[in-house]
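Please read the structure below before turning to the comments.
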Amino acid sequence: MSITREGWKSQKILAQVCRQCLSKVVTTPVKQQTRQFGTQKVLFESEKATTPGPSLMETFRHELYQPTPIALRPNIPYSAWVKKTIVRRQGRKRILNMYQLMKNRHPNLLSQLSQRDLNSLVRIFITNPDDPSSNGPMQEAFQILQDLKKGTLFSQASFGQPEMELLIYLATELKYTRKALDLLSEATQLYQGQLSLTTFEHVFGLLSREKKSPKTIDVWLSRLANLGYQPSKSIVRSVVISKISNELDDAASYLRKHHPTTDLARLVNTHTEDARDLLDNALNVFAIDCLEEWRLNDARNIYLRKREVGMSTNVIVKRVMDKALHTGQVQAAERMLKDTIKLEDTFNVKLCSRKLIDWYLSYKDIKQAVLVWDQLEQHGLELNQEVMEELMIEAAKLKYHVDAMRLYRRCNDLYPTTTSIETAIYVFRSLVNTKDFVNAREIQGSIESALHQRKLTDQSARIATRALFGLSAQTGDVALFERIFETSEKLKLGLTHRGLTSLVAMYLRRGEVHLAKAAFQQVAARTNGPDVVDFNLLMRTIVMEEQRVDYDKIFEILTHMKLVDVQPDETTLRTMLMFYRSESEMQRSLYEKLLVNPTSISRFNQVYLNNLAFKNLLTEKTIAQVVGILKRGNRGELFPSEANTPILVNGATYSILLTAANENRDYTSIAELLIKDMLARGWKPKRLVYEELIRNLAKKGKIAKARKYIALMEKETGEKAGAETYTKLIDGFLYLKKPHLAKHVVLDDLIKNKIRFDEVVREKVKTVNTKLYYKKRRRIELREKRKIELQKKAELKLQKKAEELQKKAELKAEELKKK
């Protein structure tokens, strides 16, 4: 039986196969558990059968040699690579369930399995041994061979030398050291000198990896010699690696006695005296052999041993990283980075981080690239400025604006004098495009200064000017527009039309319709004529002026666009969507045109349409219902013609839904769910989103959870919580009528963290003190009132007692008088 393995594919993003789940005995018809957005639930014919029969064996053999295709949900949002892995794992589970069913309920059927059936079954469960996440199926293969070895279940299949060697191999890959040694001892007794040397190589490799005692290795070397075997290069490698941790001379001596290949013999002849140099070069040769054998983890083990004894490791690390990344085994590269960080190997940390970040950026995977940087930050290590700026620019281009801003701040701290202004421009543009105007203002000054001082190239100057025009248009900052427009004209950047268009948008933002119309006239007078964006703004101007939608005027604008040869595009249709009621026939028609528009095929336009649809849904459905549509992931719920296609989203999608969820404190659980999902996808909410959630949690009395999100906000945004954040906690305690706890926020958070008190904080502190004063005064009043009440009760009690005594005395006097 040949040893085969699955392709070397990184499967970190996939769920590990659970052995307990796979090994579970199927006693009743059970549907398979599926992952979120996962495959359709599968029920096997064999599980439906209530009585044993030929159908079970026939179905098993059919699945073994001609597997039934497993249908995935059409809207599953995964790549073809991930889908293929899901199908492969579902197929394994299907086969295993049938095998377990026969073994536990119908063992007589196993006697019908031939040697070929068993070989095919075991081969299905042998996966890539270099990927620890795929060891689950190999455990099942080991168990099947153990069943075969017992000799009681399979009458048509035998357990011979090939099966024994495969069983030993699986034990070594699963790190069953004791079991592997016992099996090897048994095999040497049964098959004497017939065992292949490869089997011994596997066992020696396991002993080396597990750092077993040199005495154990010496015992097996003696047994190997007694059986007439000469150590192969692989065995020599394992022995040298195991001995090197204890004594270099001992390892070098063994290598000088056993060097079965020419490359090792050349090293032994070259380094006749210095044992350290001999081992240093020999371990490099061994590491290269491991890479050629696709044993990346063994090469990592050699790196660890060399680092332990203080030898050079740069060659090994570089080769492992190149092999891992260029063959798709990213997990091995990530483990190598963790090893270098743990061993404080600064040079190789920078090498690994650079290669990993470049790899992730080539696939536009900003989330993983930022996680690499975060690992370095957690251990106090610095990323090279060049790599940092490259990561920052890519994050900004893909609108990961929170991470881009974190990187920008950190880069400024580490390299304050050499941070590139071009990099800052990309970050600034990203912040403006994502409407993070607070952070954009932080960078605005340096960009304006560089623009005025003509320190930018023409391309960078145009990018900066467009971004500044966008900031002025979206914030209504007239002074900023005037400064930038004047500078743009002086530098002759050719952005006159762009600037005037921004001016129209700025006045619309400010609600000054007459000035917007005047600015539109300037566009017509000072340029070659309005373009489609200008006409879109004119439609908005008309609607704002009339304070209603005049469809005749909208039609006149569209007619005029046709006369001046300006073709409406998807932006025109999006603008018109705002003028029609939800679920109206015209709105549905506009959506259909946008969906079939050739320019709408791009991911950006698809996501933009989804976001528009979510905004419209929020006007007629609750946030819980809209989030339900997002989680189900069926775009047909947004657009009926797009049934069974996934809903594509971006950070803006979550921002829209989080804004709606934070409007009502009853939906804090939904906001928390959205933040969790958003972070899992690599996007991060703005600080304002966190603060709104913190306010709602505080008002609900969930102070511990509010503090948790303060910590999360500081971690993910890189911004320390300020006075405005902690005042929300104070408001929450005041809402709950607990001013004494609000005072603790002032003392423990504001004062200890040296947060400056502004007017708002002073007012809050004054309110807290006032509440505490009145609460104390009320408490004193209640105490006095209680005291008075107690005195009155005591007086009444004494008076009552005196009256009773007087009455008794009178009665006694009357009795005496009668006598």
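- Between the CG atom of L351 and the CG atom of D322 there is a distance of 8.0 Å, given to the nearest 0.5 Å.
- Side-chain atoms of K149 never come within 3.5 Å of backbone atoms of F159 as a donor-acceptor pair (strictly under, hydrogens ignored).
- Contact check for P231 versus V239: no side-chain heavy atoms found under the 4.5 Å cut-off.
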What do the steps show when you test L207 against S238 for side-chain contact (heavy atoms from CB on, under 4.5 Å), and what is the final call?
-> CA-CA 8 Å; L207 295 174; S238 301; over 6 Å; no

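- Here the shortest heavy-atom pairing between L110 and F154 reads O-CD2, 3.5 Å.
- A salt bridge does not link R335 with D339: every distance from a Lys NZ or Arg NE/NH1/NH2 to an Asp or Glu carboxylate oxygen is 4.0 Å or more.
- The closest side-chain heavy-atom distance from Y254 to S242 is not below 4.5 Å.
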Just do the side-chain contact (heavy atoms from CB on, under 4.5 Å) check on L96 and I124 with the steps written out, would you?
-> CA-CA 10 Å; L96 185 65; I124 287 173; over 6 Å; no

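- Under a 3.5 Å cut-off, the side chain of N301 and the backbone N or O of N297 do not form any donor-acceptor pair.
- Listed for the R92 side chain is no donor-acceptor partner under 3.5 Å among the backbone atoms of F125.
- In this structure a side-chain-to-backbone donor-acceptor pair under 3.5 Å is present from H259 to R256.
- Residue L174 holds its CG atom at 8.0 Å from OG1 of T172, rounded to the nearest 0.5 Å.
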Check the pair D280, R276 against salt bridge (Lys or Arg N to Asp or Glu O under 4.0 Å), reporting the backbone distance first and the verdict last.
-> CA-CA 6 Å; D280 192 1; R276 191 177 189 84; over 6 Å; no

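- Inter-residue side-chain proximity for I288 and E292 is flagged as met; some heavy-atom pair is nearer than 4.5 Å.
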Derivation of the side-chain contact (heavy atoms from CB on, under 4.5 Å) call for L304 and L343 | CA-CA 9 Å; L304 296 173; L343 298 176; 3.6 Å; yes

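- Residues K355 and W359 have side chains not in contact (no heavy-atom distance under 4.5 Å, counting atoms from C-beta outward).
- Taken to the nearest 0.5 Å, the CG atom of L153 stands 9.0 Å off from the CG atom of L148.
- Here the side chains of K631 and D677 are in contact, with some heavy-atom distance below 4.5 Å.
- At a cut-off of 3.5 Å, with distance as the only test, no side-chain donor of D117 or S120 sits close to an acceptor on the other residue.
- Within the 3.5 Å criterion, the main-chain N or O of S158 finds a donor-acceptor partner in the side chain of Q115.
- Here the closest heavy-atom approach between residue L113 and residue R61 is recorded as CA-NH2, 3.9 Å.
- A distance of 3.5 Å separates NZ in K306 from CG in N284, rounded to the nearest 0.5 Å.
- A donor-acceptor contact under 3.5 angstrom links the side chains of Y303 and D345, judged on distance only.
- In summary, the side chains of Q143 and Q100 do not present any donor paired with an acceptor at a separation below 3.5 Å, with no hydrogens or angles considered.
- Looking only at distances, a side-chain donor or acceptor of S222 sits under 3.5 Å from a matching main-chain atom of D218.
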Side chain to side chain donor-acceptor pair (under 3.5 Å) between D263 and T261, worked out = CA-CA 6 Å; D263 52 356; T261 58; 2.4 Å; yes

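- With rounding to the nearest 0.5 angstrom, the CG atom of D289 is 13.0 Å from the CZ atom of R295.
- When all heavy atoms of L166 and I126 are compared, the closest pair comes out as CD1-CD1, 3.9 Å.
- Going from atom CE of M57 over to atom CE of M102 covers 4.5 Å, rounded to the nearest 0.5 Å.
- What you find for A187 and I168 is that their closest heavy atoms are CB-CD1, 4.1 Å.
- Looking at heavy atoms from C-beta onward, L356 lies in side-chain contact with M321 at the 4.5 angstrom threshold.
- Using a 4.5 Å heavy-atom threshold, the side chains of K150 and D147 count as touching.
- E334 has no carboxylate O lying under 4.0 Å from a charged side-chain N of R300, or vice versa, which leaves the two without a salt bridge.
- Taking both residues in full, the closest heavy atoms of L267 and L278 are given as O-CD1, 3.6 Å, listed atom of the first, atom of the second, then distance.
- Annotation: Y363, atom OH; neighbour count of heavy atoms from other residues, nucleotides and ligands within 6.0 Å does not exceed 12.
- Y229 places a side-chain N or O within donor-acceptor distance of the main-chain N or O of L195, the cut-off being under 3.5 Å.
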Yes or no on side-chain contact (heavy atoms from CB on, under 4.5 Å) for L109 and F60, after CA distance, side-chain angles and deciding distance?
-> CA-CA 11 Å; L109 293 179; F60 179 76; over 6 Å; no

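- At least one donor-acceptor pair under 3.5 Å links the side chain of T188 to the backbone N or O of L184.
- One finds no salt bridge joining D374 and K367 here, because no Lys/Arg side-chain nitrogen approaches an Asp/Glu carboxylate oxygen to under 4.0 Å.
- When each of V203, I217, L221 is checked for a side-chain contact (heavy atoms from CB on, under 4.5 Å) with I235, only L221 meets the rule.
- Both tests pass for R116 against the ring of Y65: distance under 6.0 Å to the centre and angle within 45° of the axis.
- Counting only N and O atoms by type, the side chains of E63 and T68 include a donor and acceptor under 3.5 Å apart.
- When all heavy atoms of Q375 and K338 are compared, the pair lying nearest together is OE1-CG, 3.8 Å.
- At least one donor-acceptor pair under 3.5 Å links the side chain of S155 to the backbone N or O of S111.
- Under a cut-off of 6.0 angstrom, the local environment of CD in Q230 is sparse, with at most 12 non-hydrogen atoms contributed by other residues, nucleotides or ligands.
- A donor-acceptor contact closer than 3.5 angstrom is absent between the side chains of R237 and S208.
- The shortest distance between side-chain heavy atoms of Y191 and S196 does not fall below 4.5 Å.
- Although no hydrogens or angles enter the test, the distance criterion places a donor-acceptor pair under 3.5 Å between the side chain of Q161 and the main chain of Q194.
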